[in-house]
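Worksheet for the structure shown next.
In listed order, ligands and their atoms are each counted from 1. When reading the values below, keep in mind they use all heavy atoms of this one structure, side chains included, and skip hydrogens, waters and symmetry mates.
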Amino acid sequence: MATYERSINAYLRAKRIIPGGVDSPVRAFRAVGGSPLFVRSAQGATFIDLDGREYIDYVMSWGPLILGHAPAGVVRAIQTAASRGTSYGMPTELESELAELIAASIPSIERIRFVSSGTEATMSALRLARGFTKRDKVIKFAGNYHGHGDSFLIAAGSGALTFGVPNSPGVTEGTARDTIVVDYNDLDAVRSAVAANRDAIAAIFVEPYAGNMGLILPTPGFLRGLREIANASGALLIFDEVITGFRVGRGGAQARENVKPDLTTLGKIIGGGLPVGAFGGRADVMNQLSPDGPVYQAGTLSGNPLAMTAGIATIRGLTEDVYAELDRLATRLVEGLAHVFTRHRIKHQISRAGSLVGFFFTDVPVVDLETAKTADTELYARFFHGMLSRGVYFAPSQFEAGFLSAAHTDTHVEATLAAADATINELMQVAG
Ligand code: PMP
């Protein structure tokens, strides 16, 4: 029998001092029930919980760890950097080095600035877009997540075209009114929103591959259509590639789809597991930032030398061979899962972009938040716990993507597929 005793005790302790016992809500397992695992250590494709059990990890810190947990080269680089000082509040050459590496991979990025999280990157990019266009409103897509900045915490609704509705207390109505929510993959809705708000849209903000309602890929022509609408309306097109940057390939989703945004937000992989975000793009837009321009933005730990070092080491480790192997293994995983689900007649949809994977328990093709919500979340919760008890850690929510790393092997994938088969078998028996 699995025992989670130490994790449960650690959770009880945390709950007495940290709201919900966690520093980021999805960690609390609310969507699947049960008590979250607390981690003791991690290496490669696996982590060990407080009770000493080892798990194959398909969350990988929600995306940054594309080379696996604690890759030797990255750890060594961080150690060396740490011995030279952990923060200076003065510029270093590391910042230019990482900036040049990123710009060489993502040509739309002519200038870039580093921050400390994805949330900061998107907030800063939106402020910059507003300052540059001298407009206030932003179009975002239902089910896209851009961090927890006020302007982005707005839900869709029938009145969303003109008036946003805050979905978090603490977001003012004034802020909500400036965010227009439309359905992902719905170009007509974007056109209508733009027409209803003539000369008022500062930016169209989009996850080019939507990774925060499960994984949903754009329908053919969607991203190109956004580019055309932005051009015609004078709004900036901003790709939030916090997840997809360096994940779905060196050039991110924009290279795969051959659509060039005005600005791009990044995070996760470019910090190699340390806290980082960045936003970059057109030089004429970025030059509006302080101190050259009037749009203010700053950070005590921005461009932190340890984070820059981890990012540089990680990106240097991402060779074409690494991407090819990630592709092969991720294909094997999703095809294997599809095979298991089909054999047991479990309705499902599968998606994949590089080493970013997703599956929904539904027979409805998933193209947006509404169709994503047709997924059987109760089945997902039981699947999740069945896998957990067999030593496989998928995201603790149906509405999150899965991540592979260069440390995952065929052995891990085979073990995962065997665990999936056993789990589904068990669920079918319980269902009778
Ligand atoms: N944008 C996207 C697409 C994200 O997935 C996330 C976080 N998962 C963020 C922004 C926010 O990043 P952070 O959690 O680092 O603030």
Side-chain angles (χ1 to χ4, degrees), residues 22-28 31 58-66 106 113-129 138-154 168 179 181 184 203-218 223 226 237-248 252-254 256-257 261 263-281 297 299 301-304 307 310-311 314 351 353-358 368-369 372 395-403:
V22 292
D23 282 316
S24 200
V26 71
R27 295 180 195 170
Y58 289 103
V59 178
M60 301 306 290
S61 189
W62 304 97
L65 307 178
I66 193 164
I106 308 176
R113 183 167 277 178
F114 293 107
V115 291
S116 299
S117 68
T119 292
E120 247 188 289
T122 56
M123 280 169 40
S124 307
L126 179 55
R127 182 183 308 134
L128 177 60
V138 57
I139 292 177
K140 80 170 280 286
F141 295 91
N144 275 194
Y145 179 69
H146 304 294
H148 62 91
D150 285 0
S151 296
F152 299 113
L153 288 183
I154 315 297
S168 168
T179 300
V181 181
Y184 192 70
I204 301 171
F205 231 102
V206 65
E207 282 184 75
Y209 296 170
N212 284 289
M213 45 179 166
L215 174 62
I216 304 179
L217 300 181
L223 297 172
L226 293 182
L237 179 61
I238 306 181
F239 277 7
D240 184 351
E241 300 229 40
V242 166
I243 285 181
T244 52
F246 291 93
R247 165 62 61 182
V248 299
Q254 56 193 269
R256 290 171 64 118
E257 301 297 325
L263 295 177
T264 299
T265 54
L266 295 166
K268 301 197 192 263
I269 288 174
I270 64 157
L274 270 68
V276 170
F279 61 107
Q297 185 278 328
L301 293 177
S302 292
N304 175 267
T314 299
S351 50
S355 54
L356 186 60
V357 302
D368 58 13
L369 183 60
S397 164
Q398 167 75 92
F399 301 114
E400 300 286 353
F403 300 89

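Within ligand 1, the atoms closer than 4.0 Å to a non-hydrogen atom of H146 are 1 (N), 10 (C), numbered from 1 in the order shown. Interface of G147 with ligand 1, defined as ligand atoms under 4.0 Å from a residue heavy atom, comprises 9 (C), 10 (C), 11 (C). Which parts of ligand 1 touch D240 is read off a 4.0 Å heavy-atom cut-off, strictly below it: atoms 1 (N), 2 (C), 3 (C), 10 (C). Within ligand 1, counting atoms from 1 as listed, the ones closer than 4.0 Å to a heavy atom of S117 are 15 (O), 16 (O). Heavy-atom proximity to G118, at under 4.0 Å, picks out these atoms of ligand 1: 11 (C), 12 (O), 13 (P), 15 (O), 16 (O). Residue I243 has at least one heavy-atom neighbour below 4.0 Å for each of these atoms of ligand 1: 5 (O). Ligand 1 places these atoms under 4.0 Å from at least one heavy atom of N212: 2 (C), 3 (C), 4 (C), 5 (O).
The nearest non-hydrogen atom to atom 16 (O) of ligand 1, considering only N144, V115, T119, comes from T119.
Between N144 and E207, the shortest heavy-atom distance links the atoms OD1-N, 2.9 Å. The heavy-atom pair separating P218 from L223 by the smallest distance is CG-CD1, 3.8 Å. Scanning all heavy atoms of the two residues, the minimum distance from V26 to S397 falls at CG2-CB, 4.4 Å.
Tested against Q254, the residues L237, T244, T264 include a single side chain to side chain contact (heavy atoms under 4.5 Å, CB included) partner, T264.
The closest side-chain heavy-atom distance from L226 to F141 is below 4.5 Å.
Between the side chains of E257 and Y209, at least one donor-acceptor pair of N or O atoms lies under 3.5 Å. Side-chain contact of Q297 with R113: a donor-acceptor pair under 3.5 Å is present, judged by distance alone.
At least one heavy atom of K268 sits closer than 4.0 Å to an atom of ligand 1. At least one heavy atom of Y145 sits less than 4.0 Å from an atom of ligand 1.
Only the side chain of E207 comes within 4.0 Å of ligand 1, counting heavy atoms alone; its backbone N, CA, C and O stay farther away.
Looking at T179, its side chain never comes within 3.5 Å of a backbone N or O of F152 through a donor-acceptor pair.
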